[in-house]
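Here is the structure we will look at, set down as C-alpha cells.
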Amino acid sequence: MDAIERDCVIAGGGPAGLMAGYLLARRGLRVTVLEKHADFLRDFRGDTIHPSTITLLGELGLRERFLDLPLTRLSTLDAVIDGERMTLVDFSTLRGPDNFLVFAPQWHFLDFLAREAAAFPGFELRLRTEATGLVTDGDAVTGLRASGPEGELEFRSRLVVAADGRTSRIRDDAGLESTQLGVPIDVLWFSLPKPARTPPPTLGYLDGRGMVLTIDRGDHYQSGLVIPKGSFDSLRSRGLDTFQASIVSIAPVLAPVVSTLTDWDQVKLLSVRLDRLTRWYRDGLMCIGDSAHAMSPVMGVGVNYAIQDAVALANAVAGPLRAGGVPTATLDALQRRREMPVRRMQRIQRFAHGRINRPEGTRRRAVPVPARLGLRASQALVRRIMARLVGHGFLPEHVETA
C-alpha cells in the first residue's frame, strides 16, 4: 500500500476540521480532511454561529454568501426566569456590522465550508473515511491510517490534526490524557412545532424545577430539557406523559404542542461533557476543538471556540509547514494561546451548571429575589457584558494574511 503524501491531514470534518482545512488550503498547502460519515446531516448539533465567527467569515470574503444560507438572525437573547421575561444579551451593543447571532443548522454550515474549500487545488475532503490510528516514527507522529470505500489507506504528512470530537480516537491513540471537570447535567433534545400564539424568540425557560431550551429554527423549535446527569432512564421509565408534564411545568407556553412527542425515538440524549487535555499535542500532532476540550452547551460557544482553535492553528503552522515541518515549540505555544480562553469559559460553564441543575423535588427559585432585583436594575450593563462574553468570548482570533 503506497502512502498518500500531504502537508497536513485532518481527522474529523466538523467545524474545527473543515475550517482548518479551508485555511491551510487557502495558504497553498495540500490538505486532506477525513470524515467518517457520508454527509453532514445529523440532528441536534451546535447551531449557534456567533458574531466572532461571522467576523472571521468576513475576513475570508465569505460573509455575504454565508448569510444567504437558510438561517435565523437574532440581535437579542431572551430568557424567562421564574416566570419573568428578561433580555440577557443585546448584540446590537457590539460594533457593527457583525452585531447579531445566527442560528444555522450545522449541516448547512459544514456543507458551505466544504464547497468553499473545494475551490482551492490543495484541498481534499474524503467522506466515509475514518481515521483509525497514527503512523509514527519513534515518538514523532508522521501520518494517519484510515479506512474508507477504497479500503485501508495510509497518509504521510508533516502535521496531523485531531479534530474528531470529544470521543477522539486519535487523541486516545496518541496517549494524551484529559482532565474531567465534572458535569451534573445532561440534555434531552427534541423538536416541537411552534404554538399558534408564538412568544418572542426565547432561548430558554428556567425556574426552580429545571430548564427548557427553545431554539428558534424558523418553523419549529429545537428544544431541550436539562436533567440531572444519568437520570434519563429513570425519567423514561415513568412514561412520556411525565416527560411532557415536566416540560410544560417549566415552559407553559409549550402546552399546546408538547403532545406531538409521541415516541421516545423523538428524544435524543446529549450526555454533557466538560474536559480538557493536559497536553494538546505530540511531535507532529495537534488536537483542536472538542478533541482538545469538550465544551458544555452553556452559551452555545462550542462551535465558535472550535473555529477559533482552527484559525489560531492555521496562523501558527502555515509558515512552518511551508518550510518543512512544525516544531513542537510552535504547538506548545498554540496550546498556551488557546488554553487560556478555554479555561475561562469552562469555568463560567461550570458555575452555570450549578444554577440550572435541579435535583428531583427541589423547588427553590432559579435566581434568588435579591439577585433578580439586582439583575433587573443593571440589565443594560448585563446585556452589554453578556453580548461581549457570548459574542466574542475571550481572545477572539483573526485570520492572518499570507
So Phe190 and Phe243, would you call those rings parallel, tilted or perpendicular, with 30° and 60° as cut-offs?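 If you compare the ring of Phe190 with that of Phe243, the planes turn out perpendicular.
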
Fit a plane to each ring of Phe66 and Phe112, take the angle between them on a 0 to 90° scale, and name the class: parallel (under 30°), tilted (30 to 60°) or perpendicular (over 60°).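 Tilted, since the angle between the ring planes falls between 30° and 60°.
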
Do [X] and [Y] have side chains that approach each other closer than 4.5 Å (heavy atoms only, starting at C-beta)?
| X | Y | value |
| --- | --- | --- |
| Leu261 | Gln244 | yes |
| Val248 | Val212 | no |
| Arg350 | Leu181 | yes |
| Val9 | Val31 | no |
| Val301 | Gln349 | yes |
| Val135 | Arg145 | yes |

Pair [X], [Y]: side-chain N/O donor-acceptor within cut-off below 3.5 Å:
| X | Y | value |
| --- | --- | --- |
| Tyr281 | Asp332 | yes |
| Asp78 | Thr87 | yes |
| Gln346 | Arg276 | yes |
| Thr55 | Glu59 | no |
| Asn304 | Thr53 | yes |

Hey, could you give me the [atom1]/[atom2] distance between [X] and [Y], rounded to the nearest 0.5 Å?
| X | Y | atom1 | atom2 | value |
| --- | --- | --- | --- | --- |
| Leu188 | Leu235 | CG | CG | 6.5 Å |
| Leu77 | Met386 | CG | CE | 8.5 Å |
| Thr136 | Arg282 | OG1 | CZ | 6.5 Å |
| Phe394 | Gln308 | CZ | CD | 12.5 Å |
| Trp280 | Glu339 | CH2 | CD | 5.5 Å |

side-chain contact (heavy atoms from CB on, under 4.5 Å), paired with Arg73, selected from Ile49, Ile54, Leu67: Leu67

side-chain contact (heavy atoms from CB on, under 4.5 Å) test vs Tyr205 passes for just one of Val80, Leu213, Ile247, namely Val80

Any donor-acceptor pair under 3.5 Å from [X] side chain to [Y] backbone:
| X | Y | value |
| --- | --- | --- |
| Thr202 | Gly204 | no |
| Arg6 | Gly122 | yes |
| Asp186 | Val272 | yes |
| Ser92 | Asp90 | no |
| His50 | Gly300 | yes |
| Gln180 | Gly182 | no |
| Arg27 | Leu23 | no |
| Gln335 | Thr278 | yes |
| Ser168 | Arg171 | yes |
| Gln266 | Asp263 | yes |

Going through the distances and angles, do Asp265 and Arg236 end up as a salt bridge (Lys or Arg N to Asp or Glu O under 4.0 Å)? CA-CA 11 Å; Asp265 288 342; Arg236 182 169 178 162; 5.3 Å; no

Distance-only check: which donor-acceptor pairs under 3.5 Å involve side-chain atoms of residues 249-257, not counting sequence neighbours?
unit_1, atom_1, unit_2, atom_2, d
Ser249, OG, Ala245, O, 3.4
Ser249, OG, Ser246, O, 2.8

Please report, to 0.1 Å, the donor-acceptor pairs under 3.5 Å made by any side chain of residues 284-299, with sequence neighbours excluded.
unit_1, atom_1, unit_2, atom_2, d
Asp290, OD2, Arg166, NH2, 3.3
Ser291, OG, Asp164, N, 2.9
Ser291, OG, Asp164, OD1, 3.2
Ser291, OG, Gly165, N, 3.0
Ser291, OG, Gly165, O, 3.3
His293, NE2, Asp309, OD2, 2.5
Ser296, OG, Val298, N, 3.1
Ser296, OG, His353, NE2, 2.8

Going through the distances and angles, do Glu397 and Arg337 end up as a salt bridge (Lys or Arg N to Asp or Glu O under 4.0 Å)? CA-CA 10 Å; Glu397 302 289 350; Arg337 178 178 180 84; 3.0 Å; yes

Sequence neighbours left out, what pairs pass side chain to side chain donor-acceptor pair (under 3.5 Å) with at least one residue falling in residues 108-127?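 Matches after skipping sequence neighbours: Thr32-Glu124, Arg65-Glu116, Glu124-Arg126, Arg126-Glu150.
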
